Amino acid sequence: MYLTNEQEAILNGENGPVEERLFRLLVRLGDIYGAEKMIPVGSVQVAGVSFKSIKLPGTEFLEDMAGKGAKVKVLTYLNPAGMDIEDWKEYGFPEEFATNQMRIMDAFRAMGIVVTATCTPYLAGNLPRFREHIAWSESSAVSFSNSVIGARTNREGGPSALAAAICGVTPDYGLHRDENRTPDVVIDIETDLDFSSDFGALGYHVGKLIKNKKPYFKGIRNANTDQLKALGAAMAASGAVALYHAEELTPEAHLMDTSGLETISVSGSDIQETYDKLNTGEEPDIVIFGCPHASLREIASVAEKVEGKTLTKPVWIATSRVMKEAAERMGYREIIEAAGGKIVADTCCVVSPIEDMGYNTTGVNSGKAANYLPGFCKQNVVFTNIDDLIAKQE
Ligand code: F3S
């Protein structure tokens with residue numbers, strides 16, 4: 001790989017041992033994937049934040065890095081942590097877990113990372129521009145930024161994202177390059193999609209079928225950004241789709257040539273079968289919305305639906321701190337809490353320790369959450385739309 005004189009100097013340790021070690025990791029990655037050079041990144045999103053995922057060894061690694069003076073060079077955000085960083089006690093997160101989670105947040109803060117923990121950084125102050133190179137980790141954020149925004153990122157692992165943040169560059173390969181962003185298969189949608197959960201079911205179905213290919217959707221009549229984030233999240237979870245195009249909906253779609261590609265049709269019965277397959281429980285102990293993290297529009301919609309009702313079982317909405325504060329200002333938090341629900345920031349249904357908090361069956365409207373909850377959180381899953389889920393908790 002071609003390296004500039006400054007980059008050679010980093011490898012020779014001139015910027016200290018931390019940057020040398022992390023830059024070496026990026027060079028190795030670039031060599032593996034045939035990158036010819038490093039490219040600057042505009043922003044980074046680092047995964048591996050919840051104590052549930054990284055445990056003590058990961059915590060000590062981050063503290064060691066912070067202790068050695070590691071500092072990020074570009075705007076860097078975090079993936080969800082294991083709890084609401086401010087209101088964890090009120091929501092019943094275990095004390096010992098909280099102590100360890102705060103050690104992790106302190107280490108990231110010391111490195112100059114914005115300790116806002118969300119899988120929707122683009123809704124919380126970290127919005128890349130079209131064609132901007134970035135290095136993000138969380139699979140739904142990667143899908144959204146590549147597909148809906150038209151920014152460029154591979155799906156980074158925790159260490160390679162941290163390395164990109166501290167070195168300010170990433171190797172030029174994969175989805176950073178035009179030639180790797182063309183579609184492999186056309187997905188023809190022959191049914192109406194109404195709820196976000198329908199988009200999640202579609203994403204789950206397509207991800208299972210096409211694995212890591214790049215789909216080009218035709219026939220989606222309309223979709224807002226919340227529905228597109230639900231679609232991308234589920235495809236990245238059941239498959240490994242990091243980029244999709246959707247006719248008339250995503251910014252690079254009109255640049256793509258789909259002639260000669262295989263076409264897969266998706267019917268209403270495919271969507272229904274996906275719901276059936278993902279439902280492993282009946283009555284949720286808890287319902288958690290916000291996978292990916294809820295937008296303000298999604299929080300407003302829950303508020304509107306629960307206003308004046310009494311929820312007899314827990315309902316959480318997972319979101320970013322920024323959205324939680326906006327929801328508070330708009331009075332949505334008050335409405336949701338008056339009904340018995342909670343807006344939980346900085347964490348999510350999968351990376352919080354819900355299995356240790358007495359919950360066995362979780363209701364979700366997210367195809368991604370339905371995919372991961374059985375394995376990561378030992379949960380039975382009720383996967384359906386927002387209206388059904390609210391009705392089940394009344
Ligand atoms: Fe985000 Fe957690 Fe879902 S990271 S996409 S809310 S599993």
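Residues take their numbers from the sequence shown, with the count starting at 1. Order of listing sets the numbers, starting from 1, for every ligand and every atom in it. Computed from a prediction, not measured in an experiment: that's the story for all the values here.
Classified by interplanar angle (parallel below 30°, tilted 30° to 60°, perpendicular above 60°), the ring pair Tyr122/Phe144 is parallel. Taking the six-membered ring where the residue is Trp, Tyr33 and Tyr173 present parallel rings, their angle staying beneath 30° rather than reaching 60°.
Heavy-atom contacts of Glu138 reach the following atoms of ligand 1: 5 (S) (cutoff under 4.0 Å). Within ligand 1, the atoms closer than 4.0 Å to a non-hydrogen atom of Pro80 are 4 (S), numbered from 1 in the order shown.
Look at Gly290 and you'll find a heavy atom under 4.0 Å from some atom of ligand 1. In this structure, Ala369 falls outside the shell of residues with a heavy atom less than 4.0 angstrom from ligand 1.
A salt bridge does not link Asp388 with Lys392: none of the charged nitrogens is closer than 4.0 Å to a carboxylate oxygen.
Considering Ile210, Val185, Asp184 as possible partners of Glu262, the one that fulfils the side-chain contact (heavy atoms from CB on, under 4.5 Å) test is Val185. None of Ile113, Thr76, Val72 except one satisfies the side-chain contact (heavy atoms from CB on, under 4.5 Å) rule with Phe108; the exception is Ile113.
For atom 3 (Fe) of ligand 1, the set of nearby N, O or S atoms under 2.8 Å includes one belonging to Cys291.
Looking at Ala237, Cys348, Gly232 and measuring to atom 6 (S) of ligand 1, the nearest heavy atom belongs to Cys348. Of the candidates Val350, Ile288, Asn79, Val350 brings a heavy atom nearest to atom 7 (S) of ligand 1.
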Self-check item: salt bridge (Lys or Arg N to Asp or Glu O under 4.0 Å) evaluation trace for Glu86 with Arg321
Solution: CA-CA 9 Å; Glu86 288 177 20; Arg321 175 70 45 196; 3.5 Å; yes
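Protein heavy atom nearest atom 1 (Fe) of ligand 1, with residue, atom name and distance: Cys119 SG, 2.4 Å.
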